[in-house]
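Report on the following structure.
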Amino acid sequence: MQDLQTLETEITKNLSAAADLETVENIRISELGKKGRVSLLMRELGKMSPDEKKEFGPKLNQLKNTLNTAINDRKNKLEEEALNKKLNSERIDISLSPVMEEPGSIHPITQVMDEVTEIFTEMGFSVAEGPEIEEDFYNFTALNIPEEHPARQMHDTFYFPEDGEGNRKVLRTHTSPVQIRTMMNDEPPYRIIAPGRTYRNDSDATHTPMFHQVEALVIDKDIHMGHLKWCIEEFARKFFEIDNVKIRFRPSYFPFTEPSAEVDIGCSFENGEVLIGEGDDWLEIMGCGMVNERVLENVNLDPGEYQGFAFGMGLDRIAMLKWGIPDLRDFFAADLRWLKHYGFQALDIPSLSTRSSIIRGSK
Ligand code: PHE
């Protein structure tokens with residue numbers, strides 16, 4: 001029988017030299033596996049005399065146990081080393097200063113849309129929507145602007161190519177088509193606002209090809225121009241946060257309202273800045289009027305029974321006025337510095353009443 005001590009020394013030496021778990025496992029198989037050297041020795045015990053058995057049996061068992069322990073120890077050691085290596089390489093360097101996240105801000109147009117919506121929903125209006133790619137019928141025809149009507153030229157419309165049947169879709173030139181969609185889809189009475197994007201082929205300091213409007217429509221059996229006037233005055237007071245806001249109705253023309261008016265708001269221009277509610281100057285903020293009987297007939301309402309008013313207001317324009325932003329094109333230039341300056345905090349939006357001081361201060 002082989003010198004067990006020499007065998008043990010050899011194997012333990014191999015084990016401590018094993019650099020990875022795979023090598024350890026190979027040693028285990030070649031020593032203690034089915035055909036391993038130690039296992040074969042165990043098998044030889046059977047052929048031995050009782051005296052030899054007595055001598056080698058306990059020694060072999062001892063060797064087996066020693067080797068099992070040594071193999072497990074080596075495995076644990078290697079596993080621990082691997083884990084430590086991993087932990088070291090993944091260590092968080094707390095001496096590095098953190099990367100600060102830039103807080104985003106609310107775009108002034110979004111802010112205005114929210115404020116306008118809040119003011120009108122408080123008055124009992126609900127919000128309606130319509131598509132920006134609109135059918136000619138809703139954008140023009142149903143609003144009493146037939147083919148060849150000169151008002152079509154006023155709108156600098158973006159047209160889509162004709163479809164097979166000669167119809168051209170348009171990028172809606174105003175939010176008024178939502179009036180038609182509302183009246184065709186629901187039963188009267190109506191009291192809606194429709195904020196959204198609108199498009200005209202026009203570009204200078206106060207016009208961009210895409211801009212925003214909010215439409216309002218109120219139809220019932222007893223609505224008159226006094227209601228229209230009150231609504232607009234109430235809105236202007238709340239939006240501009242000025243009690244004695246001055247409003248002027250200037251006779252005008254829109255095919256879909258009769259009578260029609262444009263609404264100006266009292267202001268003053270000082271050193272190129274606009275101050276709302278002061279001075280003797282006027283700035284146009286919206287178009288409005290009593291919904292034309294023809295429009296009511298187009299949506300199968302009886303003008304003898306129902307009547308009401310509508311107005312359409314440029315949201316970009318009232319945003320410029322409220323915060324003294326001089327160039328409309330800046331709204332859409334996506335300049336982060338501009339947004340940081342004019343944008344609004346996302347979470348901590350000051351309420352309408354507390355913000356007046358900030359606005360006044362920034363003018
Ligand atoms: N749609 C008109 C425009 O864009 C505004 C308007 C709306 C006028 C509703 C009267 C009534 O110019």
>> Strictly distance-based, threshold 3.5 Å: is any side-chain N or O of T141 a donor or acceptor partner for the main-chain N or O of P146?
In response: no
>> To the nearest 0.5 Å, what is the distance between CG on L67 and CG on L7?
In response: 7.0 Å
>> Here's one to test your reading of the geometry: is the NZ or CZ of R181 within 45 degrees of the ring axis of Y138 and under 6.0 Å from its centre?
In response: yes
>> Can a donor-acceptor pair be found, under 3.5 Å and without considering hydrogens, that links the side chain of K340 to the backbone of S105?
In response: no
> Are F211 and R197 close enough, and set up right, to give a side chain to side chain contact (heavy atoms under 4.5 Å, CB included), and what steps lead you there?
Replying inline: CA-CA 6 Å; F211 57 107; R197 278 188 276 269; over 6 Å; no
> Is there a path from I109 to L171 through hydrophobic residues (I, L, V, M, F, W, Y) whose side chains come within less than 4.5 Å of each other?
Replying inline: yes
>> Are F311 and F125 an aromatic pair, judged by ring center distance below 6.0 Å?
In response: no
> Can L321 and F240 be said to form a side chain to side chain contact (heavy atoms under 4.5 Å, CB included), step by step?
Replying inline: CA-CA 9 Å; L321 291 178; F240 291 107; 3.9 Å; yes
> So do L315 and M113 actually touch side chain to side chain, heavy atoms under 4.5 Å?
Replying inline: yes
> When rounded to the nearest 0.5 angstrom, what distance separates CD in E44 from CD in E52?
Replying inline: 10.5 Å
> Would a 4.5 Å heavy-atom cut-off, applied to side chains only, mark I192 and E215 as touching?
Replying inline: no
> Is a side-chain donor or acceptor of R74 paired with a backbone partner of L15 at a separation under 3.5 angstrom?
Replying inline: yes
> With a 4.5 Å limit on heavy-atom distance, are the side chains of M225 and F309 in contact?
Replying inline: no
> Take atom CD in E187; do more than 12 heavy atoms of anything else shown fall under 6.0 Å from it?
Replying inline: no
> So, do M183 and L217 sit near enough that their side-chain heavy atoms are less than 4.5 Å apart?
Replying inline: yes
> Any side-chain heavy-atom pair from E297 and P303 closer than 4.5 angstrom?
Replying inline: yes
> Can a donor-acceptor pair be found between the side chains of N26 and T23 at a distance below 3.5 Å?
Replying inline: no
> How long is the span from the OG1 atom in T175 to the CE atom in M313, to the nearest 0.5 Å?
Replying inline: 9.5 Å
>> Using modelled atom types and a 3.5 Å cut-off, is there a donor and acceptor pairing between side-chain atoms of H227 and backbone atoms of H224?
In response: yes
>> Does K229 form a side chain to side chain contact (heavy atoms under 4.5 Å, CB included) with F249? I'd like the steps, not just the answer.
In response: CA-CA 9 Å; K229 232 183 131 196; F249 285 71; 3.3 Å; yes
> How many angstroms lie between CE in M210 and CZ in F332, if you round to the nearest 0.5 Å?
Replying inline: 4.5 Å
> Do the side chains of I11 and L63 get nearer than 4.5 Å, heavy atoms only?
Replying inline: no
> Got a second to check how far D335's CG is from H341's NE2, nearest 0.5 Å?
Replying inline: 11.5 Å
>> Hydrophobic clusters here meaning ILVMFWY residues chained together by side-chain heavy-atom distances under 4.5 Å, can you tell me if W230 and I193 are in one?
In response: yes
> Taking Y306 as the fixed residue, which of I219, I223, D222 is the one that meets the side-chain contact (heavy atoms from CB on, under 4.5 Å) rule?
Replying inline: I219
> Backbone N or O of F239 within a donor-acceptor pair of the K322 side chain at under 3.5 Å?
Replying inline: yes
> Is it the case that one hydrophobic cluster holds both F256 and M184, taking links as side-chain heavy atoms less than 4.5 Å apart, direct or via other members?
Replying inline: yes
Between side-chain atoms of residues 282-294 and protein atoms elsewhere (two or more places apart, or another chain), which donor-acceptor pairs fall under 3.5 Å?
unit_1 : atom_1 : unit_2 : atom_2 : d
N292   : OD1    : R294   : N      : 2.9
N292   : ND2    : P255   : O      : 3.1
R294   : NH1    : N144   : OD1    : 3.3

> Counting only N and O atoms by type, is there a donor-acceptor contact under 3.5 Å from the side chain of R172 to the main-chain atoms of G130?
Replying inline: yes
>> To check you understand the geometry: which heavy-atom pair defines the closest contact between S252 and E262, and what is its length?
In response: OG-OE1, 3.1 Å
> Do F254 and H174 have ring centres separated by under 6.0 Å?
Replying inline: no
>> Could you check whether atom CD of E305 has more than 12 heavy atoms from other residues, nucleotides or ligands sitting under 6.0 Å from it?
In response: yes
>> Let me check something: do V116 and V263 share a hydrophobic cluster, defined by ILVMFWY side-chain heavy atoms less than 4.5 Å apart, either directly or through other members?
In response: yes
> Does the R28 side chain pair with the main chain of I71, one donor and one acceptor, at a distance under 3.5 Å?
Replying inline: no
> Does the ring center of W338 lie less than 6.0 Å from the ring center of H107?
Replying inline: yes
> What distance separates N139 CG from L143 CG, expressed to the nearest 0.5 Å?
Replying inline: 7.0 Å
> Just wondering, do E81 and K85 contact through their side chains at under 4.5 Å, heavy atoms?
Replying inline: no
> Is the count of non-hydrogen atoms from other residues, nucleotides or ligands lying under 6.0 Å from L87 atom CG greater than 12?
Replying inline: yes
>> Measuring only between side-chain heavy atoms, which start at C-beta, is Y199 closer than 4.5 Å to T173?
In response: no
> What about L296 and V178, same hydrophobic cluster or not, with Ile/Leu/Val/Met/Phe/Trp/Tyr joined at side-chain heavy-atom distances under 4.5 Å?
Replying inline: no
> Can we say E234 and K238 salt-bridge, meaning some charged N sits less than 4.0 Å from an Asp/Glu carboxylate O?
Replying inline: yes
> Hey, mind stepping through H212 and F331 against side chain to side chain contact (heavy atoms under 4.5 Å, CB included) and telling me if it holds?
Replying inline: CA-CA 11 Å; H212 299 80; F331 277 113; over 6 Å; no
> Is E129 atom CD crowded by more than 12 heavy atoms from other residues, nucleotides or ligands, each under 6.0 Å away?
Replying inline: no
